[in-house]
Amino acid sequence: MRLGSLRKIDEKNIKDEIQKLNEELKYLNKLIKDKKTLDKFIVSELDLIKNDLDSDIKDRKSVISSEQNNNTDISIDEFKEIEKFTIIINKDFQLKRIKVITDEKEIEKIKKENLFLVNLNSNQKILLFVSSGKVYTIDPNILPGGNSNPKSFIYFVDSMPNDKVTGLLSSIDEELLIVSKNAKGFISNTESLVTNQKKGKQLFNLKNNDIVIKVLNLTKKHIACVTKLQKMLIFEIDALPKLQKGGGVQLIKIKKDDFLSDVTQLTIEDGLEWSTGSKNRKLDDVEFWIGKRAQAGKKVPKFFNKNQKFDG
């Protein structure tokens, strides 16, 4: 073959290769810019991979459901290790978290030295009640623990300057009784009180310079009320309304210069207990003081303490 013919063959091969490269470049540009072309390419590649796989491998073992559930509420707390705490608030309204205490004698000792204590898990919340009728939700994990000094409750919530802590409960406690100095009260449910807002929730709508004085986790069927002027009334808890919030109803009738001093819950068959100084006293027969809600009540039992409080 003549040299010129060979050169023509080389020239043709080069032109063919350039044409193929240009076509490939054009396709690659389209692949980048056009979504439909890219989708077709991916599908074809997946088909090739699928066809190359052994049938025992490529058959899916799990079932894909088309059902959608977008209402699932997943909390990061569910994946945290759950610890058990005892939360203490002292007489200066300072909070602290310590290792859980279950020993009854130790619990009684701490109760005498502090205002409140509550046992709960790290994935539960604390409900803190104050005299202005508000309730605050606090995460126990943010409280000082171990050898750290306790911190005032106002460090964790937005409260009024004159607020005093009147109750401390766990968010899993079911029903609570909240009462005011003017002898108003009602039952509420802890589930409706939990909030992420630092300003809390207004639970008790107070009037006439009234304040909240006590909050109880209800576990019994009767309550006993005692006033500063030494009147006591016992009635069924079912006589009280259940509200998410409100102004309450009259627990015991009080005179103009009287006010509610304390409340406690009891089981009639077990009698009534109270403390006077270092002594604990018990009244087995309480029939004399049982009445209907909002009645005036009768004079407190003999040897009742001077503070007119069940816990001395």
Side-chain angles (χ1 to χ4, degrees), residues 73-131 134-157 159 163-178 187-198 200-201 203 212-220 262-267 270 273-275 278 280 309-312:
D73 185 16
I74 299 176
S75 171
I76 195 67
D77 290 339
E78 297 177 15
F79 301 95
K80 292 181 179 178
E81 182 181 355
I82 298 176
E83 299 179 72
K84 293 183 180 296
F85 298 142
T86 293
I87 309 301
I88 296 172
I89 184 164
N90 62 26
K91 295 176 182 179
D92 294 323
F93 307 134
Q94 295 174 325
L95 286 158
K96 186 174 182 178
R97 165 174 51 87
I98 62 175
K99 188 177 179 180
V100 66
I101 298 174
T102 55
D103 182 74
E104 290 295 330
K105 291 184 178 179
E106 187 68 17
I107 288 175
E108 288 301 318
K109 179 183 176 183
I110 293 178
K111 281 183 177 180
K112 289 180 180 180
E113 297 173 352
N114 297 274
L115 283 180
F116 306 103
L117 73 79
V118 60
N119 290 337
L120 77 169
N121 295 332
S122 56
N123 61 342
Q124 296 164 353
K125 305 297 182 184
I126 308 164
L127 293 176
L128 185 143
F129 302 82
V130 295
S131 53
K134 278 195 170 187
V135 54
Y136 299 96
T137 304
I138 301 177
D139 183 350
N141 297 282
I142 67 173
L143 300 179
N147 296 323
S148 303
N149 292 325
K151 287 185 177 180
S152 173
F153 78 98
I154 61 174
Y155 182 85
F156 306 102
V157 299
S159 69
D163 272 343
K164 295 181 179 179
V165 179
T166 56
L168 191 71
L169 299 178
S170 165
S171 60
I172 62 166
D173 292 329
E174 294 183 358
E175 286 188 336
L176 62 92
L177 169 67
I178 181 168
I187 297 171
S188 190
N189 192 294
T190 56
E191 288 185 4
S192 63
L193 304 180
V194 177
T195 176
N196 292 325
Q197 296 184 3
K198 201 173 180 181
K201 282 187 175 182
L203 174 60
V212 170
I213 61 169
K214 198 165 189 178
V215 179
L216 291 174
N217 174 29
L218 289 177
T219 57
K220 300 179 181 180
D262 200 6
V263 295
T264 191
Q265 56 185 323
L266 70 151
T267 300
D270 295 338
E273 296 184 15
W274 69 89
S275 60
S278 59
N280 291 326
K309 292 183 180 293
F310 295 101
D311 56 3

Enquirer: Quick one: which residue pairs count as a side-chain hydrogen bond (donor to acceptor under 3.5 Å, both in side chains) with a foot in residues 85-96, not counting sequence neighbours?
Expert: Thr86-Asn119, Asn90-Gln94
Enquirer: Just jot down the side-chain contact (heavy atoms from CB on, under 4.5 Å) partners of Asp103, sequence neighbours excluded, or say none.
Expert: Lys105, Glu106
Enquirer: Excluding sequence neighbours, so at least two apart, what forms side-chain contact (heavy atoms from CB on, under 4.5 Å) with Lys220?
Expert: Gln265, Thr267
Enquirer: Is Lys201 atom NZ crowded by more than 12 heavy atoms from other residues, nucleotides or ligands, each under 6.0 Å away?
Expert: yes
Enquirer: Can you list everything that forms a side-chain contact (heavy atoms from CB on, under 4.5 Å) with Thr264? Sequence neighbours excluded, please.
Expert: Ala224, Leu272, Phe310
Enquirer: Using the test salt bridge (charged side-chain N to carboxylate O under 4.0 Å, His left out), find all partners of Lys214 that sit at least two apart in sequence or belong to another chain.
Expert: Asp262
Enquirer: Under 3.5 Å, side chain of Thr190 to main-chain N/O of Ile172, donor-acceptor pair present?
Expert: no
Enquirer: In chain order, what residues pass the salt bridge (charged side-chain N to carboxylate O under 4.0 Å, His left out) check against Glu191, with sequence neighbours excluded?
Expert: none
Enquirer: Can I get a per-line list of side-chain donor-acceptor pairs under 3.5 Å for residues 108-115, giving both atom names and the distance, sequence neighbours left out?
Expert:
from, atom 1, to, atom 2, distance (Å)
Asn114, ND2, Ile110, O, 3.0

Enquirer: A side-chain contact here means heavy atoms from C-beta on lying under 4.5 Å apart; do Val212 and Val130 qualify?
Expert: no
Enquirer: Supply the atom-to-atom distance Asp139 CG to Phe156 CZ, rounded to the nearest 0.5 angstrom.
Expert: 10.5 Å
Enquirer: Which residues pass the side chain to side chain donor-acceptor pair (under 3.5 Å) test with Glu175, not counting sequence neighbours?
Expert: Lys242
Enquirer: Drop me the distance from Leu176's CG to Ile187's CD1, to the nearest 0.5 angstrom.
Expert: 8.5 Å
Enquirer: With rounding to the nearest 0.5 Å, note down the distance linking OG in Ser122 to NZ in Lys125.
Expert: 9.5 Å
Enquirer: Do Thr137 and Ile126 come within less than 4.5 Å of each other through their side chains, counting heavy atoms only?
Expert: no
Enquirer: Mark yes or no for whether Ser275, through its side chain, and Asp311, through its backbone, hold a donor-acceptor pair below 3.5 Å.
Expert: yes
Enquirer: Sequence neighbours left out, cut at 3.5 Å: what donor-acceptor pairs do the side chains of residues 144-153 make with other protein atoms?
Expert:
from, atom 1, to, atom 2, distance (Å)
Ser148, OG, Gly145, O, 3.0
Lys151, NZ, Tyr155, OH, 3.4
Ser152, OG, Ile154, N, 3.4

Enquirer: Give, for atom OG1 of Thr219 and atom CG of Leu177, the distance between the pair rounded to the nearest 0.5 Å.
Expert: 11.0 Å
Enquirer: Please tell me if the side chains of Leu128 and Leu95 come closer than 4.5 Å, counting only heavy atoms from C-beta onward.
Expert: yes
Enquirer: List in chain and number order the residues that pass side chain to side chain donor-acceptor pair (under 3.5 Å) with Lys198, two or more places apart in sequence or in another chain; answer none if no residue qualifies.
Expert: none
Enquirer: Would you mind reporting whether Asp163 and Phe93 have side-chain heavy atoms less than 4.5 Å apart?
Expert: no
Enquirer: Can you give me the closest heavy-atom contact between Ser188 and Leu193, atom names plus distance?
Expert: OG-CD2, 4.1 Å
